[in-house]
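This report refers to the structure that appears directly beneath it.
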Amino acid sequence: MRTHRCGELRSSHVGMSVRLCGWVARRREHGEHLAFIDLRDHSGVVQCVVDGSVDVRSEYVIAVSGVVRDRPEGTANPRLATGAVEVTDCSVEVLSAAEPPPFLVDDRVEVDESVRLRYRFIDLRRPRMQANLRLRARVNAAIRAAMERHGFCEVETPLLWAPTPEGAREFAVPSRLHHGSFYVLPQSPQLAKQLLMVGGLDRYYQIARCLRDEDQRADRQYEFTQLDLEASFVGQDDIMGVVSDAVIAAARAVAPDRPAMIERMTWEQARERFGTDKPDLRFGMEIVDLTAVFEQTAVRAFAAPAVKAIRVPGGAETGRARLDALVAHAKRLGASGLAWFRVLPAASAETAEAEEAAKPSEGPGATGAGPELAADAGAARLDSPLERFLSAQERHGILSRTGSRPGDLVLVVADDQHVACSVLGALRTELGGLGVAEGPLRFAWVVDFPMFEGVDEAGNPVAAHHPFTMPHPEDLEKLEEDPLGVRALAYDLVLNGWELGSGSVRIHKADVQRRVFAALGISEEAAERRFGFLLRAFRFGAPPHAGFAVGLDRLVAILAGEEAIREVIAFPKTQSGADPLTGAPAELPPSTLAELGIRVVANRSGG
RNA sequence: GGACCUGUGGUGCAGCUCGGAGUGCACGCCGGCCUGUCAAGCCGGAGGUCGCGGGUUCAAAUCCCGUCAGGUCCGCCA
C-alpha cells in the first residue's frame, strides 16, 4: 500500500517514485493550478505538490503517489525534517474522509484535557503523544533487555486475585459462578512473585499492571505499570544493582543527552539533608543544622529542639508580601513559625574598606566558631525583623553555616527535628524546584527505611512497607522493646524528587515472621486468614529472597519531560476516575447484574 | 472527605473587581480570489443554553448560594 513513510524522505530519495499514506495535516491551495498538501503519518510530515486543486480536507486519510525531488531554490523548509524535498506530480486517492477535527492536530495548540481525552484517538496523532508512546516502548525494550541480561525470567501473574486486605483499596470483580464472592485486581504482584520464589523461579520479572482504588494525582492513576521483580539467594545490594542497570539502560536509551547518575543515602540522611525521603538532588539548598548556634539563644523563637535552615541563592530580592506568604505557608505545613533573613552587602562602597578592617577583630573573637567565618560572613549583614535580637555569634553562625553571600535569603525553622526538616524540605522544593524536563537525571537509592511508621489507633506499630519485610539484622533484638527504632531492609529508588519505586528483603524464616506479625499486632489467626496461602508456601522451603518494583509511568514521564503520567499513557482516566472517551465507569444492564448476583442499593451520582 | 484554580461559538483566550443588548481577539470551519506556499495570504460569511440550577436586581457572563465537570494539592496510596 505504501513504499515509504512520510517523515523519512530525504535528498537521497530524489528521483524515486513513492506512494505514501497518511492524514492531511495541512492544505494550501493557490488557485486551480497549484496546491500543497502536508501529509502526516507517525514518522512525520512531508510536503506533496499537486498541479491543480484537490478535494481533500484536514485529517482526510489519503494515499499519494508521486516523485520525490529537491525543492526549488529558496523554498526549502529547515523547520521540517523532510524540508529539503517534496513529492511532485502527485495523484491523490482518498481512503477515508474526515469530519473537521474538534482541535488542531498540532503540538502548539493547547486543548483542554477533557476534550483531548474524549478525542484521544485524535490527540494521539500529535507528534508529542506519538513521541511519548514510542519513548515508552523503547524504555520497555531497554528494561526487558537488561532484565534478560541479568538472567531474569518474565512470568505473568493473575489479574483476578484473591482479596488480601492490605494497604490500598482494591478493585473488586464479582464472580458469576460464586454469587457473593469476588476477585480483586492486584495492587501489585507482591504475593504472587514471592510464591514464584518458593516455586524456584530464582529470578522473576514482569512489566505488570497494578490497580489501586485510591484518589488520583498527576503522578497516580488507578491502573499503573511497574517493572516488578524478585530474586532468590540475593541481598539488597544485588537487587539495587540490577534495578540500577535497568533504569540507567532505559535512561541512556531514550535520553542520552541528560547525564544520568545514581547515588545512595540512608533514609536518615535524606530526611536530615532534604527533609523528605524522596530528595531531588538536581539542586543544592540542602538543609543546614543551626541547632548548636542557637543552643544558648535569647531569641525565644529559636529555643527549640532543632533549628534548621536553608539558603535560597539570590533570594534577598524577595518582597515582604511574598515572605509573609512563605511564613503562612510554613505554618500550614505544620511549623510553629518561619524566620527569614535577607543577606545584604555589609555596607555601601565607601564603607567597605572600614568593614574590611573591622573584620578580624570582630569575627573569630566574637563567634569562636572557626576562622572561616570572618571571610565568609564579614562582608554581609542580615535584614530581618529578628536581626536586632541576634547575638554576634548567632549572626555569624547563620551566615557561615549556610554559606550565605549577599543577595541570598536564609529561611529558618525552629521546631522538633522532624517538623523543621520536612517544612524546609517542602520550601526547598517550592523555591528551588526545577521543571521535570530540566537538568540531569539524579537517581537516588534511599536505604535503611524504618520498619514501622507511627502507631495506629490500637497502639500497634504500622508497617512502613509490607509485613514480609525483613528487619535490619542489627536491629532485630529491638523488635519487641523499641519497634519504632527498628530499621528495615527496605529501600526506595528516587529520581529527581519523584518516588520511582520501593523494595525490600523478605522474611523467609518462620520465627522472624512470627515476631514481626506480633509487633504489628497481627494475631496468628489473622495472619493465617490474610496471607495463609503465602505462609503455607513458606513452610515448604522458602529461599531467602528480595525484590523491587519500579513505577514505569513515572520513569517514562520524567524521561519524556512530562509533568503528568497521563501524557505517557495512551488512554488515561480523569482525576475522578472517568474515561471521557468510553464513558467508563458505566452502569450495567439489570440482566447482567442479575447474572452476577449483584443488586445496586444506592446510586450516589443520582442517576 | 477537604482546600484552591478553571468553565464564554469547534479550539484557545479577553470581558467578570465597578451589573446595562452576546461585545471583542486569535485559530479553526464554509464560500470566493490567488502558480511556490509551509500554522500561506487577501475578501466575505456562518457559528453562542456565557457548564447547570436557584437567588438578588428594573436589568446578571459579571454579584450571592448550590451543583456538575476538568485540573492542582492535602488526606489516602501496607
Side-chain angles (χ1 to χ4, degrees), chain A residues 25-40 45-53 57-59 71-80 82-83 86 88 98-119 122-123 164-170 187-188 190-191 210-222 224 329 332-334 426 429-430 449 451-454 456 460-469 488 490 499 502 504 516 520 522 530-531 549 551 563-564 566 572-578 580 605-607:
Chain A
R26 214 83 202 175
R27 166 185 57 114
R28 292 176 294 280
E29 287 187 288
H30 293 249
E32 52 189 298
H33 298 296
L34 176 66
F36 299 98
I37 296 172
D38 288 342
L39 189 65
R40 179 189 65 241
V45 168
V46 69
Q47 173 168 285
C48 303
V49 187
V50 179
D51 301 315
S53 60
R57 305 273 162 167
S58 288
E59 302 306 317
R71 292 206 188 180
E73 186 75 28
T75 63
N77 184 352
R79 290 189 303 279
L80 220 54
T82 60
E86 60 190 9
T88 59
E99 293 177 17
F103 52 87
L104 230 55
V105 179
D106 190 315
D107 285 345
R108 287 167 295 197
V109 305
E110 279 201 29
V111 185
D112 185 82
E113 204 171 332
S114 61
V115 176
R116 290 177 57 202
L117 291 186
R118 182 156 63 247
Y119 297 95
I122 296 173
D123 192 41
T164 51
E166 293 163 31
R169 207 174 288 120
E170 297 170 316
Q187 306 171 25
S188 77
Q190 178 63 41
L191 301 177
C210 306
L211 301 108
R212 295 180 190 174
D213 189 1
E214 297 290 350
D215 289 353
Q216 316 204 66
R217 289 282 195 285
D219 61 351
R220 275 162 33 189
Q221 283 270 306
Y222 282 161
F224 59 100
H329 186 52
R332 270 198 308 280
L333 291 169
T429 318
E430 272 171 52
F449 267 65
M451 187 82 183
F452 309 103
E453 47 179 16
D456 63 16
N460 292 314
V462 179
H465 208 61
H466 58 72
F468 311 109
T469 300
E499 183 189 327
S502 61
S504 66
V516 168
L520 287 167
I522 300 176
R530 285 168 62 177
F531 318 109
E563 304 275 355
R566 294 185 300 275
K573 291 177 181 56
T574 67
Q575 193 160 46
S576 69
S605 43

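Chain letters run A, B, ... following the sequence lines, proteins first and then strands; every chain starts at 1.
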I'd like a list of close polar pairs between nucleotides 39-43 of chain B and the protein, N/O only, cut-off under 3.5 Å.
{"from": "B:A39", "atom 1": "OP1", "to": "A:R79", "atom 2": "NH2", "distance (Å)": "3.3"}
{"from": "B:A39", "atom 1": "OP2", "to": "A:R79", "atom 2": "NH2", "distance (Å)": "2.9"}
{"from": "B:A39", "atom 1": "O4'", "to": "A:R108", "atom 2": "NH2", "distance (Å)": "3.1"}
{"from": "B:A39", "atom 1": "O3'", "to": "A:R26", "atom 2": "NE", "distance (Å)": "3.0"}
{"from": "B:A39", "atom 1": "O3'", "to": "A:R26", "atom 2": "NH2", "distance (Å)": "3.3"}
{"from": "B:A40", "atom 1": "OP1", "to": "A:R26", "atom 2": "NE", "distance (Å)": "2.6"}
{"from": "B:A40", "atom 1": "OP1", "to": "A:R26", "atom 2": "NH2", "distance (Å)": "3.0"}
{"from": "B:A40", "atom 1": "OP2", "to": "A:R26", "atom 2": "NE", "distance (Å)": "3.1"}
{"from": "B:A40", "atom 1": "OP2", "to": "A:R28", "atom 2": "NH1", "distance (Å)": "3.0"}
{"from": "B:A40", "atom 1": "N6", "to": "A:E29", "atom 2": "O", "distance (Å)": "2.6"}

I'd like a table of atom pairs between the protein and nucleotides 6-9 of chain B - only N or O on both sides, under 3.5 Å - with the distance next to each one.
none

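The shortest distance between side-chain heavy atoms of A:R566 and A:Q575 does not fall below 4.5 Å.
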Base-contact (B) and sugar-phosphate-only (S) positions in nucleotides 72-77 of chain B, heavy-atom cut-off under 4.0 Å, - elsewhere: BSBBBB
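Every residue was checked against the ring-ring contact (aromatic ring centres under 6.0 Å, His included) condition with A:F224, not counting sequence neighbours, and none meets it. Residues forming a salt bridge (charged side-chain N to carboxylate O under 4.0 Å, His left out) with A:D219 (at least two apart in sequence, or on another chain): A:R554. Not counting sequence neighbours, A:A76 has no partner by the side chain to side chain contact (heavy atoms under 4.5 Å, CB included) test. Residues that satisfy the side-chain hydrogen bond (donor to acceptor under 3.5 Å, both in side chains) test with A:H329, not counting sequence neighbours, are A:R332, A:E430. For A:F452, there are no ring-ring contact (aromatic ring centres under 6.0 Å, His included) partners at least two apart in sequence or on another chain. In this view, A:R220 satisfies the side-chain hydrogen bond (donor to acceptor under 3.5 Å, both in side chains) rule with no residue, not counting sequence neighbours. Partners of A:D112 under the salt bridge (charged side-chain N to carboxylate O under 4.0 Å, His left out) rule, at least two apart in sequence or in another chain, do not exist in this structure. With sequence neighbours excluded, the residues forming a side-chain hydrogen bond (donor to acceptor under 3.5 Å, both in side chains) with A:R28 are A:D38, A:Q47, listed by chain and number. Applying the side-chain hydrogen bond (donor to acceptor under 3.5 Å, both in side chains) criterion to A:E170, with sequence neighbours excluded, gives A:Q187.
The residue A:R57 sits close only to the backbone: its heavy atoms come under 4.0 Å of sugar-phosphate atoms, none of a base. Residue contacts shown for A:T75 include a base, since a base heavy atom lies under 4.0 Å away.
The pair A:R116-A:E110 does not count as a salt bridge, with every side-chain nitrogen at least 4.0 angstrom from each carboxylate oxygen.
Of the candidates B:C29, B:G10, B:G12, B:G12 carries the atom nearest the A:D112 side chain, counting heavy atoms from C-beta on.
Contact annotation: A:S576 reaches the phosphate of B:G70 (side-chain N/O to OP1 or OP2, under 4.0 Å). Regarding contacts with the backbone of B:A69, every side-chain N or O of A:S114 stays at 4.0 angstrom or more from both OP1 and OP2.
Look at A:F36 and the base of B:U37; the rings stack, centres closer than 5.5 Å and planes less than 30° apart.
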